[in-house]
Amino acid sequence: MTLRLHNTLTRRLEEFQPLEPGKVLVYGCGPTIYDLPHIGNFRSFMVYDLLHRYLEWVGYEVRFITNLTDVDDKTIRGAVDHGTDIREFTEPFGEAFLADAETLGIRPADHYPKATDYVEAMVDFVRRLQEKGLAYQAEDGSVYFSIGAFPEYGKLSRVDAGAIKPGARVSMDDYAKEDVRDFALWKAAKAEDEEAGAAWDSPWGRGRPGWHLECSVMSISELGETLDIHLGGEDLIFPHHEDEIAQSEGATGKPFVRYWVHVKHLLLEGQKMSKSLGNTVSVGDLVSRGHDPAAIRHQLLSAQYRRELNFTMEGLEASGRAVQRLVDFEARLVRTPLSSDAGDTRIPEMAQAALARFREGMDDDLNSAEAMAALFVFVNEVNAELDRRQGALRREERDGALKALEDMDEVLGFLELARRTRALDRATKDWIQEQVHQRMEARKTRDFARADAIRDELAAHGVVLEDSPQGTRWKVVK
RNA sequence: GGCGCCGUAGCCAAGUGGUAAGGCAGAGGUCUGCAAAACCUCCAUUCGGCGGUUCGACUCCGCCCGGCGCCUCCA
């Protein structure tokens, strides 16, 4: 079985084969760091993470690059409004993005290039295009890409380039271009750009790079002229990625990207989330309201990435309980008594079947919903088996079950995150132990009122007790 | 107008030609001092509607209804 990915270029599911066997080059369009990233942005980045993890899981050596866009209209506007330059203005938003990614258990990319660090390479790139007759400087001082000179323009988005006409949707300041469809590679500096420190010297005078240019230049600089996979939100298909292809293939004469993967935008409480609607929610907002990052992760992966996903608070609660079920299951396995002469169980077959179904789901265009179903079926089956036996397990069987669980979680990342968010310091643990001990004493004397009061007190601190014949266990819930 | 997506139980969401995964919620039961966790049983004769193809369709085709995305430097 091999991974099949939906390639936007062909609009088909294709078997994934990297250019160089065993090695995968991935570039994911990152955030424009002019504001706090919201949960919608993180659906995309979560899918990047899912792909990143899965590629490594199946044994590829992966080089993963995600850029940070620090020069564009919005960062310049923000810098000017704050009386700073763009580097200073964007810094905290870049940090916030990385911090939120860390909170959600997203594996770091190998590198997070910033556009402003690649201006020189971008200038070279534009020069290269100009030499090939694919770019020209217009009267307004800006340099544009000549779409007419690139016949394949439109192959990704399937927009009929010839049909785009100036009008309501094409702004009137495009007059300087030879063709309305042409897009800016290099923008002549305006006063505002200089003020924000977003202007550089170039053969065409002071100016700044166009938005599309950075991704072509950074990905080619970091990964080479042909990438295996390029990721992005669905909104980037046109014009951003279409323009990247035109520039890159125009300059190199080689295929730019072999598999284009686009993530569908999520809905928030059934509505499109956007800054203009004012209904954005950040990871920080959710965490400060007490939501478990593992639950956020769960909900973001609860639907396959090309399907509609409606992110809701109700759904988040449900996800939190689903994650807790996994946490409880793992704890149950860990505390299962072991015995070398325990009989056989069906757990090894269950584990094998679960892993097979999990992999099938993931291979099918990263169907995380299906992969999660495989995991939960496994939990159901093993729990039932454990209940039936009511005894010890041989170590290999128990460890095999834990291994299967960990394997699946290496891709999904729920337990990994849940463990992190449930960790307690020594003093707190000691306090809990003491409370549990006090309650046990109370129960011995059948002072249930006192026992229940202690249990309620602990519950208020997120600690839940479970009485069993072997004594009282406690756990942290989020 | 151009390109494209979706409509499966109370909510979320798989399946995509052979008779409906999984999560959450709900009902009853086992266990428990009571709980919690776990398990057992139940919870869509049915997959937006109407036609068609087929031995057979949620799955393929057509039409209709409903919801949505991109076409604006929003992931």
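Remember, it's a predicted structure, so these values are computed and weren't measured experimentally. As a basis for the values below, the full set of heavy atoms in this structure was taken, side chains included, without hydrogen atoms, waters or symmetry mates. Here is how names work: the chains are called A, B, and so on, in the same order as the sequence lines, proteins then strands, and each is numbered from 1.
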Just to be sure I understand the rule, does [X] reach a base, reach only the sugar-phosphate, or reach nothing, if contact means heavy atoms closer than 4.0 Å?
| X | result |
| --- | --- |
| Gly232(A) | sugar-phosphate |
| Ile237(A) | nothing |
| Arg443(A) | base |
| Arg388(A) | nothing |
| Leu231(A) | nothing |

The side chain of [X] is closest to which nucleotide in this list: [options]?
| X | options | result |
| --- | --- | --- |
| Lys74(A) | C74(B), G33(B), G22(B) | C74(B) |
| Ala451(A) | C11(B), G33(B), A38(B) | G33(B) |
| Phe238(A) | U72(B), C39(B), C3(B) | U72(B) |
| Glu314(A) | C11(B), G33(B), C74(B) | C11(B) |
| His38(A) | A37(B), C74(B), G22(B) | C74(B) |
| Arg11(A) | C3(B), A21(B), A37(B) | C3(B) |
| Asp452(A) | G69(B), C6(B), C34(B) | C34(B) |
| Val464(A) | A75(B), G23(B), A36(B) | A36(B) |
| Arg455(A) | G22(B), C3(B), A35(B) | A35(B) |
| Asp235(A) | C70(B), U16(B), A36(B) | C70(B) |

Spacing between [X] atom [atom1] and [N] atom [atom2], to the nearest angstrom:
| X | N | atom1 | atom2 | value |
| --- | --- | --- | --- | --- |
| Leu268(A) | G69(B) | CG | P | 13 Å |
| Tyr305(A) | C6(B) | OH | C1' | 16 Å |
| Glu317(A) | C11(B) | CD | P | 18 Å |

So, OP1 or OP2 of C34(B): does either fall under 4.0 Å of a side-chain N or O from Arg439(A)?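 No.
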Hey, is Phe448(A) stacking on G33(B)? Ring centres under 5.5 Å, planes under 30°.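 Stacking is present between G33(B) and Phe448(A), given that their ring centres fall under 5.5 Å apart and the planes under 30°.
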Centroid distance under 5.5 Å and plane angle under 30°, His265(A) vs G69(B): no
A44(B) pairs with which nucleotide, Watson-Crick or G-U wobble, both distances below 3.5 Å? none
Give me the ring orientation class for Tyr48(A) and Phe64(A): parallel if the planes are under 30° apart, tilted from 30 to 60°, perpendicular past 60°. tilted
